[in-house]
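For reference, the structure is listed below as structure tokens.
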Amino acid sequence: MWKVILSCLLIFIQDASTKGLPSFIKLCHRNDPNLLKCIVENLEIIRPKMKNGIPELFIPPMNPLVIPQATLNSGANFKATFKDILMYHADEFKLEDFTVDLNNYHIEIKMMFPELRIKSDYNIKGRLLVLNLDGKGPADGNYTNVQCYVALKGNPFNKKGKEYVRWEKEKIDINIGKINLIFERLFGDNTALNDQTNRVINQNIDGIIEELEPVIQEVVSNFVFNLINRLFAKYSISELFPST
Ligand SMILES: *[C@@H]1O[C@H](CO)[C@@H](O)[C@H](O)[C@H]1NC(C)=O
């Protein structure tokens, strides 16, 4: 008998300590008229921790943010694979807008990254605008004023009597102010051709981004939605946004 009570207690204690948001989070109530302010306050609380990651919230180390691999596949004529991607300054984003409508399971987020630097090992093969590319090597890129808008649509589901939400992409829009890219060794040891091709790439970067936009959006949203859905699968809606 005591054994049963004891193990029930233990389960209860374990539950209490593993469930619920980490104690450094300030709870935001879903009907708070100043919900955005509350969320921004939380953002500033967790921002210093983002650099090294926050496992309880599924936030990976953010400076640098390590992405093992990403592939841009555009039709049969172009394929670019990026490995060992290191993204710097991703934790320095500003939250420009955040609207949550939990009654209709709708969220809109507008973020701005003043500066991003992405290094990787690239492997590019195919035709891009006027360029015929077939090369691999280290790549480096600086991106200024990257604006990211995401609209999410939620599908509620029940787990152990609590309501959870799974989010899917409704709209994603990425705008980049300025880009400077360097692909080293695009043509091996032919430095003159390497330099010239990098110049052409940077001069035509707007067109290239436009061409690759759907795949870039796909890569970014897969990453973002993976994080969001892990968070929302762990915490029920009333744990994340209590109603009173
Ligand atoms: C990116 O910015 C850093 C720091 O300012 C600089 O050292 C690097 O050369 C830049 N890379 C490119 C591709 O512009």
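Counting starts at 1 for both ligands and their atoms, in listed order. What you see is a predicted model; the values in this text were computed from it and never measured.
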Nearest-contact summary for atom 8 (C) of ligand 1 - protein heavy atom, Å: R117 NH2, 3.6 Å
Pairwise distance CG(L86) to CD1(I67) - rounded to 0.5 angstrom: 9.5 Å
Distance in Å, N194 CG paired with T197 OG1, rounded so as to fall on 0.5 Å steps: 6.5 Å
Full working for side-chain contact (heavy atoms from CB on, under 4.5 Å) between F98 and K110: CA-CA 6 Å; F98 189 102; K110 211 192 247 175; over 6 Å; no
Atom 5 (O) of ligand 1 protein-contacted (non-hydrogen atom, under 4.0 angstrom): no
Nearest protein heavy atom with distance in Å, relative to atom 1 (C) of ligand 1: N142 ND2, 1.5 Å
Exceeds 12 heavy-atom contacts within 6.0 angstrom, atom CG of D189: no
Where ligand 1 meets I182 - atom numbers and elements under 4.0 angstrom, heavy-atom basis: 13 (C)
